[in-house]
Amino acid sequence: MDNHHRQNLYLYLAASFAAGILATVGFKELRTFWCPGRSDAQSEISRVHPATDGIDLKDGNGLLEKESSPAPSIAEGIEGCIGNTPLFRIKSLSDATGCEILAKAEFLNGAGGSPKDRVALSIIKMAEERGLLTPHSGDTIYEGTVGSTGISLATLCRARGYLAHICMPSDQSTEKSDLLLKLGAEVERVLPAPIVDQNQFVNLARLRASEHAFDPSHPGTGFFADQFETTANWLAHYNGTGPEIYRQTGGRLDAFIAGAGTGGTISGVARFLKPRLPGLRILLADPEGSGLYNRVKFGVMFDMREREGTRRRHQVDTIVEGIGINRVTANFEAGRELIDDAVRVTDEQAAAMARWLVERDGIFVGSSSAVNCVAAAKAALELGPGHRVVTILCDSGTRHLSKFWAKVGNIGGVSGGMELEDVIHAGCDGGGN
């Protein structure tokens, strides 16, 4: 082979070798870009969207990737049926307002059928981790509750090897106390009283836990769940409800509305969503007789002439159960600065909304859910068409038959004849919040 041909062969081999190197490097770069968790764009999406199963995501270069949904799994006990509740569009309210009004179906939690399932499980797990509760030892969990937290605790206590002792006001619907008894809880119904009264239902539960703990003849120990003050409450919603809403909406929502009893739901969700969605409006839905409306609006729990914690008369009578309170709680204060505004809802508005939801959508919920939906509709009308509003449906109307639904009355065969304006202005002397 002459020098000319030999030189051409060397050039060809060198070019082929260089092309091979470029192809290899290019393939590695391409693989790095597409592998989940490897590219900077994808890592940033994973950080911002902590739970993104089944959501279409776009990276900075406009490339679309769809994460695969997790394989179906079998839940471990009744505890495994808590969380990941559906988010659905309330058709009638969305159509009437021009906004997309979405409801987080917390009544579908699988233990006690309310958002309190999350809280009860969080409280129990935290106590177990700290060595304060031991399963199957005779330990009893004591709590003061108007019903839903007690039902969740009673269910989970049986599931995890504890007993439940529930103190509740005597003016709550009998369905709740009857259900607690069927779940094996010991129930004390006491006269309604302000928090400064030692016989108030929360104070009594704390006392009963202390009596148990210091009674050597009583097996196990007494543990006070303390739902109003424990951080396990709002953390349950920060770690669960908030991320679920963010994932289910794809991070696209304009307002979140919820009532507050302990304040854990609105605080936990607000603390998760607000840093990720700075323009999001967090609104409190508050029933008659509650001081939280003024707490958000004006920074005081009652009238300016009254000092917090000293009021001794009973709460203004209302048929709404589960939300509204006349004292400051640690869980509400945990997120109060993130709450942008408050909406007052009358008993008449709540009753009208409950009827509306059955007539128009076949949705049968309790009083607190009806309050949330009134506030959500008001917020949607204020925001204007095209916005997205999310609220909470707390529990089924079956727990409110003897009180709230007794006022609402039977639906009968009547089709929906009300307009949304009729619902919004029910029981109002001049409209407004």
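For this chain, numbers begin at 1 and follow the sequence in order.
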Indicate the atoms forming the closest heavy-atom contact of [X] with [Y], along with that distance.
{"X": "N372", "Y": "G259", "value": "OD1-N, 2.8 Å"}
{"X": "P287", "Y": "I323", "value": "CG-O, 3.6 Å"}
{"X": "A96", "Y": "L420", "value": "CB-CD2, 3.9 Å"}
{"X": "D226", "Y": "E143", "value": "N-OE2, 3.4 Å"}
{"X": "I78", "Y": "L156", "value": "CG2-CD2, 4.2 Å"}
{"X": "A380", "Y": "C99", "value": "O-SG, 3.5 Å"}

With a 4.5 Å cut-off on side-chain heavy atoms, are [Y] and [X] touching?
{"X": "S173", "Y": "F404", "value": "no"}
{"X": "I141", "Y": "L163", "value": "no"}
{"X": "T249", "Y": "L102", "value": "yes"}
{"X": "P115", "Y": "H237", "value": "yes"}
{"X": "L277", "Y": "R252", "value": "no"}
{"X": "V187", "Y": "R189", "value": "yes"}
{"X": "F228", "Y": "I325", "value": "yes"}
{"X": "N109", "Y": "F107", "value": "no"}

Distance-only check: which donor-acceptor pairs under 3.5 Å involve side-chain atoms of residues 202-209, not counting sequence neighbours?
{"unit_1": "N203", "atom_1": "OD1", "unit_2": "R206", "atom_2": "NH1", "d": "3.1"}
{"unit_1": "N203", "atom_1": "ND2", "unit_2": "I195", "atom_2": "O", "d": "2.8"}
{"unit_1": "N203", "atom_1": "ND2", "unit_2": "D197", "atom_2": "O", "d": "2.8"}
{"unit_1": "R208", "atom_1": "NE", "unit_2": "E188", "atom_2": "OE2", "d": "2.8"}
{"unit_1": "R208", "atom_1": "NH1", "unit_2": "E211", "atom_2": "OE1", "d": "3.3"}
{"unit_1": "R208", "atom_1": "NH2", "unit_2": "E188", "atom_2": "OE1", "d": "3.1"}

Validate the cation-pi geometry between R276 and F272: distance from NZ or CZ to the six-membered ring centre under 6.0 Å, angle to the ring axis within 45°.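 Positive - R276 is close enough to the ring of F272 and near enough to its axis.
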Looking at F332, is R327 sitting on its ring face, NZ or CZ under 6.0 Å from the six-membered ring centre and within 45 degrees of the normal?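 No, a cation-pi geometry is absent between R327 and F332.
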Would you confirm whether [X], through its side chain, and [Y], through its main-chain N or O, come within 3.5 Å as a donor-acceptor pair?
{"X": "D254", "Y": "R388", "result": "yes"}
{"X": "Q227", "Y": "G144", "result": "yes"}
{"X": "T149", "Y": "T145", "result": "no"}
{"X": "K403", "Y": "D171", "result": "yes"}
{"X": "T391", "Y": "C373", "result": "no"}
{"X": "Q349", "Y": "I424", "result": "yes"}
{"X": "E129", "Y": "M126", "result": "no"}
{"X": "S369", "Y": "C394", "result": "yes"}
{"X": "S290", "Y": "G324", "result": "no"}
{"X": "S177", "Y": "T174", "result": "yes"}

To the nearest 0.5 Å, tell me how far [X] [atom1] sits from [Y] [atom2].
{"X": "S148", "Y": "D117", "atom1": "OG", "atom2": "CG", "value": "9.0 Å"}
{"X": "D95", "Y": "I101", "atom1": "CG", "atom2": "CD1", "value": "10.0 Å"}
{"X": "N294", "Y": "N326", "atom1": "CG", "atom2": "CG", "value": "9.5 Å"}
{"X": "L383", "Y": "T97", "atom1": "CG", "atom2": "OG1", "value": "9.5 Å"}
{"X": "E421", "Y": "L381", "atom1": "CD", "atom2": "CG", "value": "9.5 Å"}
{"X": "R271", "Y": "L235", "atom1": "CZ", "atom2": "CG", "value": "8.0 Å"}

Run the salt bridge (charged side-chain N to carboxylate O under 4.0 Å, His left out) test against D215 and tell me which residues pass, sequence neighbours left out.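 None.
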Looking at [Y] and [X], is any side-chain nitrogen of the basic one under 4.0 Å from a carboxylate oxygen of the acidic one?
{"X": "K116", "Y": "E106", "answer": "no"}
{"X": "K274", "Y": "D340", "answer": "yes"}
{"X": "R399", "Y": "E175", "answer": "no"}
{"X": "R344", "Y": "E288", "answer": "no"}
{"X": "E244", "Y": "R118", "answer": "yes"}
{"X": "E79", "Y": "K125", "answer": "no"}
{"X": "K176", "Y": "D395", "answer": "no"}

Going through the distances and angles, do F256 and I245 end up as a side-chain contact (heavy atoms from CB on, under 4.5 Å)? CA-CA 10 Å; F256 173 75; I245 291 172; 3.8 Å; yes
Is there a salt bridge (Lys or Arg N to Asp or Glu O under 4.0 Å) between R295 and E333 once you walk through the steps? CA-CA 10 Å; R295 184 69 173 171; E333 291 300 295; 3.4 Å; yes
ring-ring contact (aromatic ring centres under 6.0 Å, His included) contacts in which one or both residues fall within residues 344-400, not counting sequence neighbours: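 For residues 344-400, and leaving out neighbouring residues, the ring-ring contact (aromatic ring centres under 6.0 Å, His included) pairs sorted by first residue read F364-W405.
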Do [X] and [Y] get their side chains close enough for a donor-acceptor pair, meaning under 3.5 Å?
{"X": "T85", "Y": "K104", "result": "yes"}
{"X": "D139", "Y": "S137", "result": "yes"}
{"X": "N331", "Y": "T262", "result": "no"}

Between R160 and E128, is the side-chain contact (heavy atoms from CB on, under 4.5 Å) condition met? List the steps. CA-CA 10 Å; R160 298 180 76 89; E128 288 174 340; 2.8 Å; yes
Could you please spell out the steps behind the side-chain contact (heavy atoms from CB on, under 4.5 Å) verdict for S170 and Q172? CA-CA 6 Å; S170 59; Q172 301 301 296; over 6 Å; no
Could you walk me through whether Y142 and E186 pass side-chain hydrogen bond (donor to acceptor under 3.5 Å, both in side chains), step by step? CA-CA 9 Å; Y142 294 80; E186 187 171 350; over 6 Å; no
Is there a side-chain contact (heavy atoms from CB on, under 4.5 Å) between F223 and I123? Walk through the geometry before answering. CA-CA 11 Å; F223 174 78; I123 290 172; 3.9 Å; yes
Residue pair K378, E382: steps toward the salt bridge (Lys or Arg N to Asp or Glu O under 4.0 Å) verdict: CA-CA 6 Å; K378 286 186 175 184; E382 183 178 331; over 6 Å; no
